[in-house]
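Data block below; observations after.
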Protein chains: 2
Amino acid sequence: MYLSVDAGSATPLFEQLVAGIRAQVIDGSLSQGERLPAARELAESLDVNVHTVLRSYQVLRDEGFLDLRRGRGAVVASRVRDYAQLERDIDRVVAEARKLDLTANALTALIRKAYE
Amino acid sequence: MYLSVDAGSATPLFEQLVAGIRAQVIDGSLSQGERLPAARELAESLDVNVHTVLRSYQVLRDEGFLDLRRGRGAVVASRVRDYAQLERDIDRVVAEARKLDLTANALTALIRKAYE
DNA sequence: CAAGTTGTTCTAGTTGAGCTAGAGTAATTA
DNA sequence: TAATTACTCTAGCTCAACTAGAACAACTTG
């Protein structure tokens with residue numbers, strides 16, 4: 001499982017981890033039932049604190065992407081869904097936003113408003 | 001111009017202001033050339049510090065939505081654009097994300113990745 | 001059963017972004 | 001000239017994020 005974090009980024013480390021893992025579940029790089037590295041292990045390999053990784057795992061559990069069990073570890077949840085249409089929709093809205101010279105912040109803020 | 005902020009929200013006050021004003025420019029409630037309240041004035045009416053409002057104005061200037069001039073105030077920039085398609089695309093991607101039980105955070109993170 | 005693995009929970013200290021406050025400066029308008 | 005208004009600078013406060021260490025509970029493995 002490939003992951004990277006940027007300590008200098010404005011987005012929190014735990015959010016970067018969440019985003020990275022979630023994206024891999026959605027695009028299929030991580031598949032149902034697959035086991036993730038132990039939190040302590042991933043933390044060391046990314047040079048990040050264990051608690052930061054654990055927080056990310058817990059967010060992903062709350063969102064339904066992971067199953068967490070003591071002793072067993074973190075496993076990609078069985079969440080039967082087809083993300084193909086979503087990916088097309090995302091590509092389309094991003095292209096349109098680019099055409100209008102909107103920043104990523106502007107677009108995501110608009111989407112957040114539409115989500116209310 | 002209607003605006004409201006929630007001091008208890010996780011999203012920063014200045015971001016809430018930016019999002020609110022930007023959304024009104026995009027949906028046409030605020031139109032090109034229209035003058036916004038003076039920063040001091042808006043700050044008082046929202047019970048927020050002047051610097052917070054000024055920061056919002058400056059972000060919106062950087063994004064091309066406002067023109068700022070000392071003595072004159074903040075004016076909606078002439079930015080001839082048609083946002084109709086964008087709004088349709090946003091509605092579509094939000095509907096799809098809802099259908100897939102994605103949180104707003106999850107969707108915006110995916111979009112941010114697609115924007116890179 | 002015993003030992004090892006791994007997530008969970010708790011306390012605690014550090015750092016930086018966001019917010020507030022006050023004062024003064026510079027450009028524009030009336 | 002006087003009023004308006006954005007800009008800049010300093011300074012202090014608060015809270016989320018991050019780190020660190022320790023103990024605990026559930027599960028697996030030999």
Side-chain angles (χ1 to χ4, degrees), chain A residues 1 3-21 30 33-77 105 108-109 112, chain B residues 1 3-21 30 33-77 105 108-109 112:
Chain A
M1 187 191 57
L3 266 184
S4 69
V5 291
D6 174 11
S9 165
T11 62
L13 290 174
F14 83 94
E15 282 285 7
Q16 295 181 44
L17 289 174
V18 168
I21 296 170
L30 284 171
E34 197 167 338
R35 186 174 182 275
L36 272 64
R40 288 170 174 78
E41 193 181 326
L42 183 55
E44 187 174 13
S45 80
L46 294 177
D47 198 28
V48 155
N49 194 274
V50 197
H51 295 91
T52 304
V53 174
L54 283 167
R55 179 169 179 186
S56 305
Y57 280 5
Q58 282 155 11
V59 170
L60 289 163
R61 177 193 53 196
D62 293 346
E63 291 186 1
F65 288 101
L66 294 185
D67 288 329
L68 303 181
R69 306 289 292 269
R70 298 174 179 180
R72 189 182 308 171
V75 172
V76 178
N105 271 336
T108 53
R112 218 167 268 279
Chain B
M1 184 189 61
L3 266 184
S4 70
V5 291
D6 174 10
S9 165
T11 64
L13 289 176
F14 83 94
E15 281 284 8
Q16 294 181 45
L17 288 174
V18 168
I21 295 170
L30 285 171
E34 198 168 338
R35 187 173 181 275
L36 271 65
R40 288 170 176 78
E41 192 181 328
L42 183 55
E44 187 174 13
S45 80
L46 293 176
D47 199 28
V48 154
N49 194 275
V50 197
H51 296 90
T52 304
V53 174
L54 282 168
R55 179 168 180 187
S56 304
Y57 279 6
Q58 283 156 8
V59 170
L60 288 162
R61 177 193 55 195
D62 293 347
E63 290 186 2
F65 288 103
L66 295 185
D67 287 330
L68 303 182
R69 305 290 291 271
R70 298 176 177 176
R72 190 183 307 171
V75 173
V76 178
N105 271 336
T108 53
R112 216 168 270 280

Integer-rounded Å distance: C:dG18 C1' and B:D6 CG: 15 Å
Both B:R35 and A:G71 contact DNA chain D. Taking the nearest nucleotide for each, which residue is further toward the 5' end? B:R35
What distance separates A:N49 CG from A:R40 CZ, expressed to the nearest 0.5 Å? 11.0 Å
Quick check: any donor-acceptor pair below 3.5 Å linking the side-chain of A:R40 to the base of C:dG7? yes
Do you know which two heavy atoms are closest between A:L46 and A:S4, and how far apart they sit? CD2-CA, 4.4 Å
Heavy-atom closest pair (B:G73 atom, B:R35 atom, distance to 0.1 Å) is CA-NH2, 4.2 Å
Gap between atoms CG and C1', on B:N49 and C:dT20 respectively (whole Å): 5 Å
Let me have the donor-acceptor pairs involving side chains of residues 5-15 of chain A, under 3.5 Å, with sequence neighbours excluded, atom names and distances please.
{"unit_1": "A:D6", "atom_1": "OD1", "unit_2": "A:G8", "atom_2": "N", "d": "2.9"}
{"unit_1": "A:S9", "atom_1": "OG", "unit_2": "A:T11", "atom_2": "N", "d": "3.0"}
{"unit_1": "A:S9", "atom_1": "OG", "unit_2": "A:T11", "atom_2": "OG1", "d": "3.0"}

Partner set under side-chain hydrogen bond (donor to acceptor under 3.5 Å, both in side chains) for B:E34, not counting sequence neighbours: B:S31
For the NE2 atom of A:H51 and the CD atom of A:Q58, what is their distance to the nearest 0.5 Å? 10.0 Å
B:R70 CZ to C:dT25 C1', in whole Å, measures 7 Å
Which whole-number value in Å describes the distance from B:L46 CG to C:dC19 P? 13 Å
As a test of understanding, state which of A:V18, A:L68, A:L36, A:D67 forms a side chain to side chain contact (heavy atoms under 4.5 Å, CB included) with A:L60. A:V18
Nucleic acid contacts of residues 50-62 of chain A, taken as heavy-atom distances under 4.0 Å to DNA chain D: A:H51, A:T52, A:R55
Does a sphere of radius 6.0 Å around CG in A:D62 hold more than 12 heavy atoms from other residues, nucleotides or ligands, not counting ones at 6.0 Å or beyond? yes
DNA chain D contacts among residues 7-17 of chain A, heavy-atom distance under 4.0 Å: A:P12, A:L13, A:F14
Taking heavy atoms of chain B and a 4.0 Å limit, find me the 5'-most and 3'-most nucleotide of DNA chain D within that range. D:dT4 to D:dC9
Which residues share a side-chain hydrogen bond (donor to acceptor under 3.5 Å, both in side chains) with B:R112, sequence neighbours left out: A:N105, A:T108
For the residue pair B:L42 and B:S45, establish whether any side-chain heavy-atom pair is separated by less than 4.5 Å. yes
Please give me the minimum heavy-atom distance between A:A77 and A:G64, naming the atom from each residue. CB-O, 3.5 Å
